[in-house]
Structures are given as structure tokens and as C-alpha cells.
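Take a look at the structure set out below.
Chain A is the first sequence line, chain B the second, and so forth, proteins listed ahead of strands; every chain is numbered from 1.
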Protein chains: 2
Amino acid sequence: MSKPLVTILDDERAIRDMLTDALEEAGFETLSFGRATEFEAALKTTAPDVCLVDLSLPDKDGLTLVHRLALEQGASVIIISGRAQVQDRVTGLELGADDYIIKPFEPAEVVARVRARLRKAAPAPQSTETARFNGWTAHFDRYMLVDDTGSETAFSHAEGEVLRLFLERPKRLISRANMQETLGGAAGESFDRAMDVRISRLRTKLGEDPKNPRLIKTIYGAGYVFLGDVSWG
Amino acid sequence: MSKPLVTILDDERAIRDMLTDALEEAGFETLSFGRATEFEAALKTTAPDVCLVDLSLPDKDGLTLVHRLALEQGASVIIISGRAQVQDRVTGLELGADDYIIKPFEPAEVVARVRARLRKAAPAPQSTETARFNGWTAHFDRYMLVDDTGSETAFSHAEGEVLRLFLERPKRLISRANMQETLGGAAGESFDRAMDVRISRLRTKLGEDPKNPRLIKTIYGAGYVFLGDVSWG
DNA sequence: TCGCGAATCTAACGAATTGTAACAAGCAAC
DNA sequence: GTTGCTTGTTACAATTCGTTAGATTCGCGA
């Protein structure tokens, strides 16, 4: 996939440059404009993914522009403005802006907010649905474990929760308490073997040798460690 | 369609109340929680549209919660935090939050930002008659499912209701209660298997493999998730 | 090294949940 | 009435998942 395109519309040169630098450094394509008319002309031939718009423009009212942008183009619009009143923010957002950043701003935050917009706009974050590790591929979207030979094993939702927890923190101790907490969250502590059973079932599905588990290792008195070379995506 | 559901997770009673009032006034359904565990328990059977989360929770790390929320549930997450450092905001956003509001805040702005999230999240524009997903095209005006090969299968009104519900909220948990509510609206009693039967019939029409359905997944004890890349129009 | 209590493993059980085939009621068209 | 279709209900099969209980393993001190 190509780089997302971010446009910058601000009449101050210094701000345009700062944003351009930060965004390109972050891996985005950028186009910047000093006046609304230029920007609108460019819109006829390009479809930006995110538009940063300063409201105080010399040649046009920023708010109506935002309104049109949000409505007609499908792009995400982030207002950047020196006007810090709550009322300004509210009307900006109500008119269709997706976010409202107040000057002066930190470029890093702008980048983070741009990313947040893109994340929602582009669905299918495949990255969190599949993980490969030691001859296995876990498909969380299909609740399936696939062997390197191609044979498939289904796993249940509860098993998936455990597996995901492991795959998200490989080679690190996951304490029992920690696990209870992130999973079922069941109150019971003392005689609650549910966790063990879940892990046991997961182990069988992974074809672990009970005597010598290679992937899910028990740390007596502490918790578990998942030893696997995990790569997501 | 029914009111969007907004959840509030904050340990301060006063803040919860303030937000609840503002949001309900604005026409949203709300649910508020003082601790993360309660919230997570509720998540098993409800799918909020927007989650407001305070990071400083007594019983849990808010950031990992946000991460999981954003990833697993499809909901929009707005962090509300007293931590105003740029770095905090950046990490919060990078972890999957859609917005980051700093305390103290103005309720009106929170409402505006919640609205902004919903606007993007819920597409559902004009053409609600056709949807494409994973090799199928559903024509709600003709009550027809069309395969990519062109072969057609008719579906009934009741099946269409379920299918539409799924297609409107793909990749998100749809709880049983939620489904009863939006569909038949019947008094919804405990021994009402009609829902299951509808889904079963829909599954066969979609040619799902009973052993491992690819599109309509059951989450034991919670509800269903439709895993498909849906595009309307 | 041996023994013991605590921690963990796991087979087996069973309650709750979900799937679905079969039946029946309702209804429209003929 | 008969036929055909939709849809809820019933009954039973299948699955999920926590609990139980006995076996096994671990850490540690004698």
C-alpha cells in the first residue's frame, strides 16, 4: 500500500514546514497550501486521506470549508486553530471535523492524531488477526491454528484469549494474577483451576509434550512464559 | 435505529455523573463504571459504540485496557485523563485511542467529540440497499444474496433483519440481548431460541461450514461477531 | 537423599449454552 | 381446500468451559 496522503492548509509558512517535516518523517506523503483557493483547486485532482486545516485563513472562511470537506470528500478533517474557546471547538467538531488541535501544538501529537484518524478510516487491521510462531499460524479471525503442514485445528474463544495474551507478551513472565485479571476477571482466587485447565487445553492443541513443553512453560510459583518467536501480521 | 451506547469508566463519581447527564441530554444511552473489572464484565454482553476511559484507575492499568478495547472490540475509545503531557497523549493515541481529552474538561466538548467519533464509525448513508462482503452481495431490496459466480439465493425478511444487523456492525460483538432488542423486539424471554434458528438458517444460506463458520462467529456466553469486510452501496 | 506440603496438570463430569432437524401454526395465492 | 413459504417452537444433539478430584511435579528442609 502506498503512503497515506496528508494535506496541510495554513497561512503561516513556519507551521506548514514544521508539520510537513514531522509528517514526512512519520512516513506520510504531504501536500501543503497557504490559501484555501489553492487547496480547493488541488482537491479536484487528489483525494487526501487526512486534511489538516487552520481556521484563520486569509482568503476564505475555514469553517465552511471544513463543512464541505467533511461532507463531500470522505476525508478526515483535523482543525488546527489558535482559537481555544470551548465553543469554537464544539462548533468545529459539530460542523464535521474529526479532531480539533489547539495552537501551539507539539508535532508529535499531531502525528499521533493523524495516525488515529487513519487507523479508523482504513479497516481490516489485519496485523492483529494473525500471528506466526514456531511452525504455527494463529488466525484469530477464524479461530484457527494452522500447522506448517497445513493441518488446521480450531480453538475456542476462551482458548483464544489465552493464546492472544501469550502471543502479545512472548518470552516474558505472565503471572497467574495477571492472567486472571486480563482474562475472565473472575473474582475467585483460591480454588480456581479454570486458568490451568484453559492452558492445559491450549497446550494439547499446540501438540505440546506434557513432560517437556516447548512453547508454554510453567514457572512454578510465579506464572507462565510463552517461548516462541512471534511475528504478527 | 436505537440510541448509540456510550460507556464511561472513571473512578470519580462526580465525573461519571457529569458525563452521564451531558451525554443523556444529548440523546445517548450511557452505562458508567467505577472500576475496570466491572466494565470488562459488562463488555462480555454489550458492545458500546464509544468508550470513555479514565487512565488513572484503581484496579487496573488503563492503557492496556484501551489497547485491548480498540483492538478487539471495534469501539471507538476516548481517553480522559489528568495527565497532560504530550508524551502521555501520544502513547495513548498510539495504543489505539481515538481521542484524548484532558481534565478538567467541558462536558459540551466531550459530547461534541463523542459525536465526531460516531459520525465516522457509523457509515450507513443513503444506499442501504446493497452490501458487498467476502464474495457475496446482499440486495435488501430484492431479498437476494448473489454469489460472486452469479448464482442467487433468496432470503426471507427475518433472515434479512439478522443479516442487516450483522452487516451494519461488522467485526463487533453483537450480544444476544442486543439482537433480541433490535430485531423481533419480542418481550425477549429466556427460552427463546428463535434467534438461534434464524442465525442457523442464515448460516446455511451463506454456505457456512457448521464446524467452523467463517463469517458468523459465536462467542460462547456473549453473542455473535460477523467477520467480513463489508462495503455498502 | 528422602519426605512433605504446596502448586500445577489433566481426565472426567456436568451445567449452561448453542446448533439444528423436525414439526406446526400462520398466511398468501390459486 | 390445497399448495407453498415463512417463522416460531420443541426436542434433542453438540459444544463450551468451569469444577472436581486424584495424580504429578516442584521447592525446600531434614
ask   = Sequence neighbours excluded, which residues qualify as side-chain contact (heavy atoms from CB on, under 4.5 Å) partners of B:Leu165?
value = B:Arg169, B:Ile174, B:Met179, B:Thr182, B:Leu183

key: Length of the CD1-C1' vector between B:Ile199 and D:dT7, whole Å   = 15 Å

Shortest side-chain distance from B:His157, nucleotide among C:dG19, D:dT9, D:dT7 = D:dT7

note = In whole angstroms, the gap separating P of C:dT17 from CD of B:Gln180 amounts to 14 Å

query = Between A:Glu159 and B:Glu159, which has a closest nucleotide on DNA chain D that is more 5'?
reply = B:Glu159

request  = Indicate yes or no: does B:Arg16 engage B:Glu12 in a salt bridge with an N to O separation below 4.0 Å.
outcome  = no

inquiry  = If the condition is ring pair (Phe, Tyr, Trp, His ring centres under 6.0 Å), which residues does B:Phe33 pass it with, not counting sequence neighbours?
reply    = B:Phe39

message = Over all strands shown, is B:Tyr143 touching base, sugar-phosphate only, or nothing at heavy-atom distances under 4.0 angstrom?
response = nothing

query = What string of B, S and - do you get for nucleotides 25-30 of chain D, 5' to 3', when a contact is any protein heavy atom under 4.0 Å?
reply = SBS---

note = Contacts of A:Val230 meeting side-chain contact (heavy atoms from CB on, under 4.5 Å) (sequence neighbours excluded), chain-then-number -> A:Ala131, A:Phe133, A:Leu167, A:Pro170, A:Phe226, A:Trp232

ask   = Rounded to whole angstroms, how far apart are CE on A:Met195 and C1' on C:dA7?
value = 16 Å

query = In degrees rounded to 10°, what angle is found between the helical axes fit to the five outermost pairs at each end of the helix from C:dT1-D:dA30 to C:dC30-D:dG1?
reply = 10°

request  = Figure out the CG/C1' separation between B:Asp196 and C:dA21, and round it to whole Å.
outcome  = 14 Å

task = With sequence neighbours left out, write down each residue that passes side-chain contact (heavy atoms from CB on, under 4.5 Å) with B:Asp17, or none if nothing qualifies.
result = B:Arg13

key: Between C1' of C:dT8 and CD1 of A:Ile174, the distance in whole Å   = 17 Å

ask   = Roughly, in whole Å, what's the span from CE in B:Met179 to P in C:dG19?
value = 10 Å

ask   = Quick one: is C:dT20 close enough that its OP1 or OP2 comes under 4.0 Å of any side-chain N or O from B:Ser200?
value = yes

ask   = Residues in ring pair (Phe, Tyr, Trp, His ring centres under 6.0 Å) with B:Tyr143, at least two apart?
value = B:Phe155

CZ/A:Arg203: more than 12 non-hydrogen atoms of other groups inside 6.0 Å = yes

query = What residues, two or more places apart in sequence or in another chain, satisfy salt bridge (Lys or Arg N to Asp or Glu O under 4.0 Å) together with A:Glu106?
reply = none

remark   = Scoring nucleotides 22-27 of chain C by protein non-hydrogen atoms under 4.0 Å (B base, S sugar-phosphate only, - none) yields ------

ask   = Picking from C:dT20, D:dG8, C:dC9, which would you name as closest to the side chain of B:Arg193?
value = C:dT20

task = Mind calculating the distance between CD (B:Glu161) and C1' (D:dT6) to the nearest angstrom?
result = 13 Å

inquiry  = Does B:Ala158 reach a base, just sugar-phosphate, or nothing at all? Heavy atoms under 4.0 Å.
reply    = sugar-phosphate

request  = Remember a base hit wins even if backbone is also touched, and classify B:Phe155 as base, sugar-phosphate or nothing at under 4.0 Å, heavy atoms.
outcome  = nothing

request  = Output all residues satisfying side-chain contact (heavy atoms from CB on, under 4.5 Å) with A:Ala194, sequence neighbours left out; order by chain, then residue number.
outcome  = A:Asp192

key: Sequence neighbours excluded - salt bridge (Lys or Arg N to Asp or Glu O under 4.0 Å) pairs with any residue from residues 134-146 of chain B   = B:Arg142-B:Glu152

message = Does C:dC9 have OP1 or OP2 under 4.0 Å away from a side-chain N or O of A:Thr218?
response = yes

key: B:Glu109 side chain vs A:Arg89 backbone, donor-acceptor pair below 3.5 Å   = no

query = Which sits closer to the 5' end of DNA chain C, A:Ile219 or A:Thr204, going by the nucleotide each is nearest to?
reply = A:Ile219

task = Please state how far atom CZ in B:Arg203 lies from atom C1' in C:dT20, giving the value in whole angstrom units.
result = 11 Å

Qualifying residues under ring pair (Phe, Tyr, Trp, His ring centres under 6.0 Å), relative to A:Tyr224, sequence neighbours excluded = none

